[in-house]
There are 2 protein chains.
Amino acid sequence: MNQPKRYLNIVSEMRDMIREQNIRPGDRIPSERELAEKLAVGRSTIREALRSLELLGLIETRRGEGTFLSEPRNHRLVELLSTFVLQDSKSHEDVRETMCIHETAAIQAICGTDAAKLPVWDSFLGRLEAHDFKREDFVRELMVLSGNRLSLKIWFLLKQYSGNPYDGDVSPEEKKLLTNILQAIEEQDAEAAIRGFKAWSSVLTKGENKEWR
Amino acid sequence: MNQPKRYLNIVSEMRDMIREQNIRPGDRIPSERELAEKLAVGRSTIREALRSLELLGLIETRRGEGTFLSEPRNHRLVELLSTFVLQDSKSHEDVRETMCIHETAAIQAICGTDAAKLPVWDSFLGRLEAHDFKREDFVRELMVLSGNRLSLKIWFLLKQYSGNPYDGDVSPEEKKLLTNILQAIEEQDAEAAIRGFKAWSSVLTKGENKEWR
DNA sequence: TTTTTGAAAGTGGTCTGACCACTAATCTTT
DNA sequence: AAAGATTAGTGGTCAGACCACTTTCAAAAA
């Protein structure tokens, strides 16, 4: 009978251990030798599990010191997979399209509520006037305002995975366009807002940003 | 000086090797012992690299046979993302809503193409008539037809976390409703299709499935 | 006493060699 | 020719040994 691989058990056992003992990012994890003894496996098996987690950026190892739980911002999943998976252009297209799905859904959600009347909305408008306002800030703000944190997280991860389509500053011409989108949202005209957003976004990606420079 | 870890070098060397030798998904990779000799490192180092890639789903190992390059559809991007994306923001409502985002986007996508004229569409209609057609089958079929595999994967994952809102068989009354949705899609009337879908889905979740039993 | 030094203990990084469990190809027997 | 047994090759795991490095702390020097 083909047995399940031990190192995979170790991976999940370690996840449980981290949760049960409430180990926080930055904290130290028991040493490889300790883990091997405690879990009754060889050290090399422990290492196979640890190296897997390390490649994902979930843990950090410092020779001579020990192994530590990583800060979530250091998780490397996205970067890693992009180096292996991104060669397939179809996948890349899927990523871009899925991002767009979340973005338009966010706009739809905002239009469906009275979010445009909340104080955060005013602060949004104010920040748009700042001279160093980035394109990414605009979209992220929309995602946050949608109120769906899961959607926001997925979007954020996809963004890194897609090579940052919203890189760069907002030019004065663009600012007018964005203001129109916000106005449409304020009037709860989802259709117009989405139309405007898609126009802006398609110019960014297909036009290689030339129009705005 | 703290030297870079060898197993990381191995990871990238293997990526290069795969590209240069044009190894395709399903093909066999040199054995661990061969790689160890060729790259002049210990077998355990090779294994640390291989186990990392295996956790990502980039390779597959079969004891007694060898190590093989995985099909891209087996990559574990989404699964791994979920293990720590869903941890803190796993509000059930967000999950359900995000699922819905992907579902409506799928319908929208199908309506935008001529998918309803493809042979797969007929097979879809045929399967709907089967007596053991599950609700989940209906939605999954839509997700597949959208053509966005990433979106499909995300949806599939969310489904597991959401307590399977589409559990159960399709009742005869339901079948009429679903047929209407499909007809709207066939006529490329996205708005009507989505309206119909949301009506069906909201009855399922809020009505606790009572109406259909 | 305070500071410096350095030896020891502990940790991750790597290699080697040895089994085991399993598969597939080969050889042997029927 | 077919069925069974052998064997070579593969991944899975373990134990033990070094190495390079960091921290600690006690001994030596100031």
Side-chain angles (χ1 to χ4, degrees), chain A residues 1-15 17-18 21 23-71 74-76 80, chain B residues 1-15 17-18 21 23-71 74 76:
Chain A
M1 189 61 78
N2 218 324
Q3 295 175 7
K5 330 217 161 178
R6 288 212 198 179
Y7 90 97
L8 287 178
N9 277 9
I10 303 297
V11 167
S12 48
E13 282 199 47
M14 291 208 16
R15 200 201 318 278
M17 176 189 300
I18 287 169
Q21 303 186 10
I23 300 179
R24 311 299 223 85
D27 287 356
R28 191 165 166 282
I29 288 173
S31 77
E32 299 180 349
R33 290 168 176 88
E34 274 181 72
L35 287 171
E37 193 180 2
K38 192 166 299 184
L39 301 178
V41 296
R43 191 181 153 208
S44 48
T45 301
I46 293 288
R47 280 186 63 81
E48 290 182 11
L50 288 181
R51 262 0 88 206
S52 301
L53 296 178
E54 188 187 29
L55 190 69
L56 293 176
L58 300 179
I59 60 175
E60 235 173 273
T61 57
R62 298 200 278 275
R63 181 191 246 164
E65 300 182 53
T67 305
F68 303 82
L69 207 59
S70 289
E71 301 288 338
N74 294 333
H75 293 173
R76 300 177 36 79
L80 252 188
Chain B
M1 193 55 82
N2 219 325
Q3 295 176 8
K5 329 217 162 177
R6 288 211 198 182
Y7 89 98
L8 287 177
N9 277 9
I10 304 296
V11 166
S12 48
E13 282 199 47
M14 292 208 19
R15 185 187 52 214
M17 175 189 299
I18 288 170
Q21 303 188 9
I23 301 178
R24 306 167 114 265
D27 288 356
R28 191 166 166 284
I29 288 173
S31 76
E32 299 180 349
R33 290 169 176 88
E34 275 181 71
L35 287 171
E37 192 179 2
K38 192 166 300 183
L39 301 178
V41 298
R43 193 182 153 209
S44 49
T45 301
I46 293 288
R47 280 186 63 81
E48 290 181 9
L50 288 181
R51 266 355 90 208
S52 301
L53 296 179
E54 191 187 27
L55 190 68
L56 292 176
L58 299 176
I59 61 174
E60 238 173 89
T61 58
R62 297 201 277 275
R63 177 193 248 164
E65 298 182 54
T67 305
F68 304 82
L69 207 59
S70 288
E71 301 287 339
N74 294 333
R76 306 178 59 79

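Chain identifiers are assigned alphabetically (A, B, ...) following the order of the sequence lines, protein sequences preceding nucleic acid strands; residue numbering begins at 1 within each chain. The structure presented is a predicted model; accordingly, all values stated were derived computationally and were not measured.
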**Message:** Are the side chains of B:Ile10 and B:Met14 in contact, using a 4.5 Å heavy-atom criterion?
**Reply:** yes
**Message:** Strictly under 4.0 angstrom, non-hydrogen atoms only: write out the protein contact profile of nucleotides 10-17 of chain C, one letter per nucleotide from the 5' end, B, S or -.
**Reply:** BBBBBBB-
**Euclidean distance, atom CG of residue A:Asn9 to atom C1' of D:dT13 [Å, nearest integer]** = 14 Å
**Request:** Mind checking side-chain hydrogen bond (donor to acceptor under 3.5 Å, both in side chains) for A:Thr61 and listing every partner two or more places apart, or none if nothing turns up?
**Result:** A:Glu54, B:Lys5
**Asked** B:Tyr7 versus A:Leu55: any side-chain heavy-atom pair under 4.5 Å?
**Response** yes
Atom pairs and distances, side-chain donor-acceptor, residues 42-50 of chain A, under 3.5 Å, sequence neighbours left out:
residue : atom : partner : partner atom : Å
A:Arg43 : NE   : A:Glu32 : OE1          : 3.0
A:Arg43 : NH2  : A:Glu32 : OE1          : 3.0
A:Arg47 : NE   : B:Glu48 : OE2          : 2.8
A:Arg47 : NH1  : A:Glu32 : OE1          : 3.2
A:Arg47 : NH1  : A:Glu32 : OE2          : 2.8
A:Arg47 : NH2  : B:Glu48 : OE1          : 3.4
A:Arg47 : NH2  : B:Glu48 : OE2          : 3.3
A:Glu48 : OE1  : B:Arg47 : NH2          : 3.4
A:Glu48 : OE2  : B:Arg47 : NE           : 2.7
A:Glu48 : OE2  : B:Arg47 : NH2          : 3.2

**Item:** B:Leu69 side chain reached by B:Leu58 side chain, heavy atoms, under 4.5 Å
**Value:** no
**Complete:** From CG of B:Leu35 across to P of D:dG9 the rounded distance in Å is 16 Å
